[in-house]
Amino acid sequence: MRTWALILTGLFVHIVFFYSIFDIYFTSPLVHGMTPVVSNESPPAKRLVLFVADGLRADKFFEIDGDGKSRAPYLRTVIEETGAWGVSHTRVPTESRPGHVALIAGFYEDVSAVAKGWKENPVEFDSVFNESRYTWSWGSPDILPMFAKGASGDHVLTDQYPSELEDFADSDSSKLDTWVFDRVKALFERGRRDNKLAEQLNQDKIVFFFHLLGIDTNGHSHKPQSKEYLENIGLVDSGIKKMTELIEQYYGNDGKTSYLMTADHGMTNWGSHGAGHPHETLTPLVAWGAGVRQPVTRQHTSDPDSYSEDWNLKTLMRSDVQQADIAPLMAYLIGVPYPVNSVGVLPIDYLDCDDRQKSQSLYANARQILSQYQIKMEKKKQTTLSMTFRPYSELTPAIQAEMIRTINKLIQAGDYSTAIKESQELMRLTLQGLNYYQTYDRFFLGVSITSGFIGWTLYILVLVVKEHTDVVRVRVKLVTLQQPVLLRREMIVGGYSSLGALIFILLAVQSLPWTYYLYCLLPVALWTVVTLNWYVLQDCSQRLKASPTGVCSSLCLTVLMCILGLEILVAGFFYRELLSVGLVCMGVLPLLSSSQSSDRVIRFGWAVSSLTLAIFPLMPVVGRETNYLLVGGAGMLAICTGVLAIHRLQHSSSPSQHIFSINWIQIALTAMSVYIVMSTSSSIQRKQGLPVINQVFSWLILGVSLVIPMLSGTGVLHRVLTITLAYLPLYLLLSISHEGLFVITLCYLLYFWLQLEEDTSSQMTGHMKQVGSIDFVSPLMSEIKLQQRYLQLEDVRRAFYFVFLMLTGFFGTGNIASINSFEPASVYCFLTVFSPFTMGTLMMLKNVIPLVLVTCTFRAIHITTNVPIRALFLLVLAMSDLMALNFFFLVRDYGSWLEIGTSISHYVIVMCMIIFLMLLFGLSHGLTTFSMIPRKSLKTGAGSPHSQ
C-alpha cells in the first residue's frame, strides 16, 4: 500500500474508533413523545424568581469571613428566618451551559453539545421556561438564547448585554450584574406605564430569570480568594435584596412569589472549572417565599461533608439536592408541567405543604420520569431482535403496573408517607432503567471496537515486518499451492465475506444507525487482511528459531522494554511524576550503554537536559499561579541560546547573509514577545486592560511565526533552528509561568537527541558525517538508499523516544486531560473578551507547539540515520494504538464524576493524538523541506551539502 493510501486508511480507521466513543458513552439521553404531567393542580405561587450566580462556590457563599460576618447578609437572614437552604451537587462537566440545562430543564447535558461549544441545542429539549406562560430573562448572550431558541412560541423573552462586556481584563466585572439589576428595575417601571406589559406581568405561571455572570468573570480573572470575587458576592446579595423588595412592592406583597438562588457550577482555587473537584461541584441553594418551608432546627449537628465546618449553620436543617432536582421544584412552585425530559426528583424537604400534597406531586413526578422509561424501552425493543431483547428485569411492564396501582391505593387510603416512599422507589428503579437502556449496546459495541483495534495493530506490525525487514521470504506459486485449504486466499476472503454479510443482515433487520455498520464491518475487513498475511507470522517464527540466542534475547528485551515504557506512559496520564521517572531512565541509558568512541559531550548534554526536563512534571500544574518573571527569564534564555546557535552555525559553514538575517529577525521578535507579555500583565494588574498596540503586535507575531520557517535554507540544523525560533515567541506570548522554561529545556534535549542519534548511527554504519552537512531536501540517490535500508532494533527505541517525548511535551507542564486546566490569562496578549472558540484555538496552538518541535526533530533524525520514515511512522502508530487500547478499557461509567470524566477524556486525547500524528508527519515534511527561497540561492546556504 502506498504511503498516502496508508495515511488516508489510518485516518479513516482512527476517526471511526474515535467517533465510537460518542455512540458508546455520549449518546443523547433524550427521547420524545411523552405527554406532559402537571406537577401541582393548586400551586402556591403565581410567579417564580430564579437567581443564578454563575461560578459561585458554596463555601465562599456560606462561610463567615474574618470579621465574623456573612458575605451575603441578606440571604443569610433568609436562611435563618424565612427560607430553606442546602447544597446543590452539580455534575461533570462543570460548565455554564450544562449547569443551566440541569437547573432549568432537569437533565444532564447531552455531551454532543461539546461539538457546538455549548451554545446551541443539538437536540431540542423541554424546560421550565418552555412550560411557563411567560419568562423574562436577563444576562449573558452565551446562556439566554439557548432557552429562547428551544422554546415553543415566543413567550421566553431575553434581554442580554453585548458579548464585549465579558472582558476578563475589565477593571470591574461586577458591572455585568449591575447591568442585569438595572434592566429589571427598568422593566417594572415600564410595567407601571405599559398596560400590555402590566397584563403579562400579572399572569400566573411566569418566571423571572437573572443570570449573574460577574462572580464567574472575577473568579477567572482574579481567583476565588480575591477581594474582587468576594466583594462581588456581596454586590449580588444586595442586588437580590433590592430585586426582592422591588418585586414585592410591585405585586403588593401578595405572598404569591417564590424565590430561588443557586449557581450553575463552582470554581477551583486557581480560577477554573469543568472537572469534578468539590469546589466545582458544590454550589449553594437558597429558597424562600410562596410554597417554601420555614427554617427547621435540627438535633444532629453533623454534616455529610467537611466543607461546612466554617458555615455556622449546624443548628439549621440542611437539604442537599442534585442539580437536576431544582427543575421539578420550580415546576411545582408555579404549577407548570414537569419538563418532559427531566430526570430530577422533587425535593419535598423544601416544600411548605401537607403530606397529601407531597405524595401527589411526587407521584406525578414519578409518572413523568416513567413515561421517558417506557418510550426508551419501546424504542430499544423496536431496534433489537425479539429473541435477543433483554428487558430491564427490575421494572418490567407488570412491575410498573403493580407499583402504580399500589401508589394510587395508598394515596386514596390516606397513607401518604408510604405513598411517598413507593414513589421514590419507583423513580429510583426508573432512573436505573433509563441508564440500563442508555447503555444497552455498550458491551456489543465495545467488543467490536476492541477487535478492530487489535486487527489494525496487527496489520501495522505485518506491514513493518513485510516491507521493512528481511524476515519474510519470497513465496513462489508452487509454495502457495501447497498451503492448507483453509488458509488459501479464496477461502479466507469467502469466509470473512460471509461473516460480513451475516452482520450486515442482522444490523439491517434491527434498523440500527449507520455508524454501527462501520463499527462492526471495519474489524471484519481488518482481520481479513491480517489473516491473508498469516505466512508473515510463520516466517517470523522460523526466523527466530534459526537465529542465535543473543538476537532473540535482544529482540525480546527491546519489545518488553517498549511495552513497559508504554504502560508507564499510560500511568503517566494519571500520575505526571512517572514522566520524570522515564526521563531519568532515558538520560542515564546512553551513559551506561554507549561505547567509548562516542562523543562524551553529546552524552553528557543529553543526560543533563533529560534530568533537567524531568523536574517539570514534578512541579505544580501551570495555570494555578501566574509568574511572569519566569516568562521573562525564559525569554532571556531563549534569546541567549538563539544568539549562540546562530553564531555557531555562521562559523561552521559559509551561509549567504540573507538567510541568517531571518534568524536575527526572530531574535528581535522573541525580545518583543517578552516585552508584550510583561507590559500586558502589568497593564491588566493595574486594571487598565489589554493595550491595543500589544494586541496588534501579538497577532502579527502569530502570523509571522507560521510563515517565517519557509524563508530559511533546508539544511537540517539551520531549518530546525529556524522552526524553533519561529514558534518560541508565540509560545512565550501564551505563557504565564514556567512553561516557557520547559519548552526551552525540551529544545535542548531535542538538539542533543539529534546529535546522539547521528553519533549512534555513525558508529553502527562506520560512516562518519556531520549533522550540519546534511540537507532535508536529499538528492535522488539518497532517497533510493533510504528505501533500501531495513529496520534495526535501535529504530524501535527511536520510535519509543518519539512517543515518549510527544506525551512529555503534552503533559510536561499540566494535566490538560482535565477541562479545568484552562486558564484565560494564557491568551490575554491576544484578547480578553470572552470568546470560547478563539481562546480554545489559541490554547490548542500552545499545546501543539512542543509537538511540532518534537516531530520536526524526529524527521531530522530520520534523515541523518537513513531510517525509512514510513517504517518509523508505522512503529509509532502501533505504539500509540496499544496505548489507546489501554485507555479504551479504562473508560468507565461508574465511580465519581471526576473519575468518569477523566477516563473518557484520556481516551479522547490519545485518539486525537494518533489522528493528529498523521497530520503532524505531513506538517513536519512541509516545514522542513518547503522553502520560498529559490533552490539556487540555497547552494551556498547554511547547512547545505554543497557548502564549501
Side-chain angles (χ1 to χ4, degrees), residues 20-34 37 91-92 102 105-112 123 125 322-325 328 338-345 362 365-404 406-407 421-450 506-507 510-513 515-516 519-520 888-897 899-901 903-904:
S20 69
I21 201 72
F22 293 95
D23 274 335
I24 298 174
Y25 292 98
F26 290 169
T27 52
S28 172
L30 304 184
V31 289
H32 300 282
M34 293 80 67
V37 179
R91 288 192 183 184
V92 174
F107 73 92
Y108 297 103
E109 180 65 284
D110 170 20
V111 187
S112 65
V123 179
F125 56 82
Q322 297 299 314
Q323 193 172 45
D325 298 343
Y338 294 115
V340 294
N341 305 117
S342 171
V343 294
V345 176
L362 208 58
N365 192 185
R367 286 188 289 117
Q368 169 261 320
I369 298 177
L370 182 63
S371 65
Q372 295 180 70
Y373 170 83
Q374 291 169 338
I375 295 286
K376 207 170 189 74
M377 181 183 69
E378 189 59 34
K379 287 191 173 182
K380 184 54 62 181
K381 193 173 182 180
Q382 291 173 359
T383 59
T384 307
L385 293 174
S386 57
M387 65 183 72
T388 61
F389 180 69
R390 309 179 310 278
Y392 181 55
S393 59
E394 294 190 41
L395 197 60
T396 61
I399 295 175
Q400 296 173 38
E402 179 59 30
M403 294 188 77
I404 292 291
T406 299
I407 295 170
K421 292 178 182 178
E422 286 294 317
S423 295
Q424 290 172 334
E425 175 64 14
L426 176 57
M427 281 190 279
R428 185 186 69 82
L429 291 175
T430 303
L431 292 173
Q432 288 181 355
L434 282 171
N435 184 66
Y436 172 81
Y437 288 116
Q438 181 73 13
T439 60
Y440 188 85
D441 295 327
R442 187 168 293 178
F443 176 77
F444 137 69
L445 291 176
V447 170
S448 296
I449 297 301
T450 301
L506 290 175
L507 294 174
Q510 299 177 80
S511 301
L512 290 172
T515 51
Y516 282 41
Y519 306 147
C520 295
F888 185 79
F889 286 121
L890 289 173
V891 171
R892 55 195 294 185
D893 62 345
Y894 58 89
S896 73
W897 282 102
E899 294 168 333
I900 296 170
S903 69
I904 293 173

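Predicted model, so just to flag it, every value in this text is computed and none were measured. In this chain, numbering begins with 1 at the start of the sequence shown. What's counted below: heavy atoms across the whole structure, side chains too, no hydrogens, waters or symmetry copies.
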query: Who passes salt bridge (charged side-chain N to carboxylate O under 4.0 Å, His left out) against Glu394, sequence neighbours left out?
result: none
message: Quick check for you: to the nearest 0.5 Å, what is the distance between Phe107 atom CZ and Arg91 atom CZ?
response: 12.5 Å
Verdict with reasoning, Glu378 to Gln374, per side chain to side chain contact (heavy atoms under 4.5 Å, CB included): CA-CA 6 Å; Glu378 189 59 34; Gln374 291 169 338; over 6 Å; no
- request: Mind checking side chain to side chain donor-acceptor pair (under 3.5 Å) for Tyr436 and listing every partner two or more places apart, or none if nothing turns up?
  value: none
- line: To the nearest 0.5 Å, atom CD1 of Ile407 lies from atom CD of Gln424 at 10.0 Å
message: Minimum heavy-atom separation for Leu30 and Asn341, please, with both atom names.
response: CD2-CB, 3.7 Å
query: What closest approach, in Å, do Leu395 and Gln400 show between heavy atoms, and which atom pair accounts for it?
result: O-NE2, 3.3 Å
- prompt: Can you list every salt bridge (charged side-chain N to carboxylate O under 4.0 Å, His left out) pair that touches residues 429-440, not counting sequence neighbours?
  reply: none
field: Results of salt bridge (charged side-chain N to carboxylate O under 4.0 Å, His left out) for Lys376 - residues two or more places apart only
entry: none
- prompt: Glu425: what forms a side chain to side chain donor-acceptor pair (under 3.5 Å) with it, not counting sequence neighbours?
  reply: Arg428
field: Partners meeting side chain to side chain donor-acceptor pair (under 3.5 Å) with Asn365 (sequence neighbours left out)
entry: Gln368
message: So which atom in Ser371 and which in Met34 form the shortest heavy-atom distance, rounded to 0.1 Å?
response: OG-CG, 3.5 Å
- prompt: Which heavy atom in Ile369 sits nearest to a heavy atom in Gly344, and how many Å separate them?
  reply: CD1-O, 3.6 Å
Residues which pass side chain to side chain donor-acceptor pair (under 3.5 Å) with Tyr373, listed by chain and number, not counting sequence neighbours: none
- prompt: Under 4.5 Å between any side-chain heavy atoms of Tyr437 and Pro29, yes or no?
  reply: no
field: Flag, side chain of Tyr392 to backbone of Leu434, donor-acceptor distance under 3.5 Å
entry: no
message: Can you list everything that forms a side-chain contact (heavy atoms from CB on, under 4.5 Å) with Thr515? Sequence neighbours excluded, please.
response: Tyr19, Asp23, Pro513, Tyr519
task: Can you measure from CG (Leu426) to CG (Leu370) and round to the nearest 0.5 angstrom?
output: 5.5 Å
By side-chain contact (heavy atoms from CB on, under 4.5 Å) - contacts of Thr388 (at least two apart): Thr384, Leu385
message: Is any side-chain heavy atom of Leu362 closer than 4.5 Å to one of Met427?
response: yes
For Leu512, all residues meeting side-chain contact (heavy atoms from CB on, under 4.5 Å), sequence neighbours excluded: Thr383, Leu507, Gln510, Tyr516
field: Distance, nearest 0.5 Å, that separates OH of Tyr440 from CE of Met377
entry: 11.5 Å
message: Counting only heavy atoms not in Lys380 (residues, nucleotides, ligands), do more than 12 fall under 6.0 Å from its NZ?
response: yes
query: How long is the gap from CZ on Arg367 to CD1 on Ile404, to the nearest 0.5 Å?
result: 7.0 Å
task: Would you please name every residue forming a side-chain contact (heavy atoms from CB on, under 4.5 Å) with Ala102, sequence neighbours left out?
output: Tyr108, Gln323
field: Exercise: identify the closest heavy-atom pair between Gly446 and Ile24
entry: N-CD1, 4.4 Å
- prompt: Considering all heavy atoms of both residues, which atom of Ala324 and which atom of Ser342 are nearest to each other, and what is their separation?
  reply: O-OG, 4.5 Å
